[in-house]
Amino acid sequence: MTKTTFAIIGTGVVGERIINQILAHPNCEIVSVFDENKIRLEEISTKYQLSVAESLEDLLQTRPDWVYVGTPPVSHAPLTEQIAAHGLNILSEKPLAHDVLDGIRMVKVAAETKVQTAMHFPLMYSPVVHSLKNALAAEELGDIVRIELHTYLPNWPRKWQQNPWIGTREQGGFIREIFPHYVQLMYHLFGSFTISSHTTTYPAEVELCETGVSALAKTENGIPIVLNGLSGIGQEERLEFKIFGTKKVMTIRNWSELWVSEKDQEAFRINTSSNLIVC
């Protein structure tokens, strides 16, 4: 069987996770890796016995089926244009782009060159989401009366994700890094929604990203949505995506835990056999 080949641009923490996922699949192969950080590149290539590209152009000349872009958001649009010009398919890390205009650039060049595109959104394919979707389809929750997202982060950047851009107002922040997973999930489950009001707080240092956000939204069929995020607080990290129904409430907690509660009963965790790691 012919293997699907990948080239990797960006060998940070998330890039390394992608490498592990590809190597774990018997029908996939990594043909080249590239990173401007030569020390990190050598570390990863030695650890996983991978071929190193001396330049981005050298990597593209290996003609992989897919090129993974795991670099800071501001670089996604120019890299996409360069990759698409070689007729190669693109797997982009999220957030898709630095801003809306860069996103439009990426969509335009992909359409013009007719390359395939995908984005790294693993939460959508997890056992917890599969179980949640089945419960909604079976109307186990009853009428849906509210959707809430709460993200509480004692540290931002998170201790495992220290890099020069993740904490900046220009490219980083938990709104860009964490919220897209759940915004996509809400759209997938309930369709379009509109944000009616929001408040975002920032530190005094103008180069640093947000420390808090609160927003209200509503789906097209009238389900209220509450979005809430806070960092730099005195508690453990906790993420909860909650769907409130008249019969049950279901919660995705910390990416891979699915909890359910019923009237006058304590919540209990459903075994979904998920070991998902999302960022």
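Here, residue 1 is the first one in the sequence, and each next residue gets the next number. Below, all heavy atoms of this structure are taken into account, side chains as well, without hydrogens, waters or symmetry copies.
A salt bridge between Glu36 and Lys38 is absent, with no side-chain N of the basic residue lying under 4.0 Å from a carboxylate O of the acidic one.
With a 6.0 Å radius and a threshold of 12 heavy atoms from other residues, nucleotides or ligands, Tyr187 has its OH atom at or below the threshold. Annotation for Gln265: atom CD counts as buried by contact number, over 12 foreign heavy atoms lying within 6.0 Å. Surrounding CD of Glu236 are at most 12 heavy atoms belonging to other residues, nucleotides or ligands under 6.0 Å away. Around atom CZ of Arg63, more than 12 heavy atoms belonging to other residues, nucleotides or ligands sit under 6.0 Å away. Residue Glu43 places its CD atom among more than 12 non-hydrogen atoms of other residues, nucleotides or ligands, all under 6.0 Å distant.
At least one side-chain heavy atom of Phe190 sits under 4.5 Å from a side-chain heavy atom of Ile223. Between Ile233 and Tyr152 there is a side-chain heavy-atom pair separated by less than 4.5 Å. You'll find the side chain of Asp65 stays beyond 4.5 Å of the side chain of Phe6, heavy atoms only.
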Applying salt bridge (Lys or Arg N to Asp or Glu O under 4.0 Å) to Glu16 and Lys47, what does each step give before you reach the verdict?
CA-CA 10 Å; Glu16 184 173 4; Lys47 182 176 181 179; 2.7 Å; yes
Could you pull out every donor-acceptor pair under 3.5 Å between side chains of residues 237-248 and any protein atom, sequence neighbours left out?
{"unit_1": "Arg238", "atom_1": "NE", "unit_2": "Glu240", "atom_2": "OE2", "d": "3.2"}
{"unit_1": "Arg238", "atom_1": "NH2", "unit_2": "Glu240", "atom_2": "OE2", "d": "3.2"}
{"unit_1": "Glu240", "atom_1": "OE2", "unit_2": "Arg253", "atom_2": "NE", "d": "2.8"}
{"unit_1": "Glu240", "atom_1": "OE2", "unit_2": "Arg253", "atom_2": "NH2", "d": "3.2"}
{"unit_1": "Lys242", "atom_1": "NZ", "unit_2": "Thr251", "atom_2": "OG1", "d": "3.0"}
{"unit_1": "Thr246", "atom_1": "OG1", "unit_2": "Asp143", "atom_2": "N", "d": "3.0"}

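Identified under the side-chain hydrogen bond (donor to acceptor under 3.5 Å, both in side chains) test for residues 99-110, with sequence neighbours left out: Glu81-Arg105, Asp102-Arg105, Lys108-Glu112.
With hydrogens and angles disregarded, a donor-acceptor distance shorter than 3.5 Å links the side chain of Asp35 to the backbone of Thr11. A donor-acceptor contact shorter than 3.5 Å links the side chain of Gln49 to the backbone of Thr46.
Stacking of Arg17 on the aromatic ring of Trp160 is recorded, both the 6.0 Å distance cut-off and the 45° axial limit being met.
Just one of Asn271, Thr272, Ile270 meets the side chain to side chain contact (heavy atoms under 4.5 Å, CB included) condition when paired with Pro127; it is Thr272.
Put simply, OG on Ser214 and CG on Asn228 are 4.5 Å apart, with the number rounded to the nearest 0.5 Å. If you take CD on Gln82 and CG on Leu59, they are separated by 10.0 Å, rounding to the nearest 0.5 Å. Rounding to the nearest 0.5 Å gives a distance of 12.5 Å between NZ of Lys3 and CD1 of Ile22.
For the 3.5 Å distance criterion, the side chains of Thr211 and Thr201 qualify, holding a donor opposite an acceptor. Defined by atom type and a distance below 3.5 Å, a donor-acceptor pair is present between the side-chain atoms of His188 and Lys133.
Classified by interplanar angle (parallel below 30°, tilted 30° to 60°, perpendicular above 60°), the ring pair Tyr182/Trp255 is parallel.
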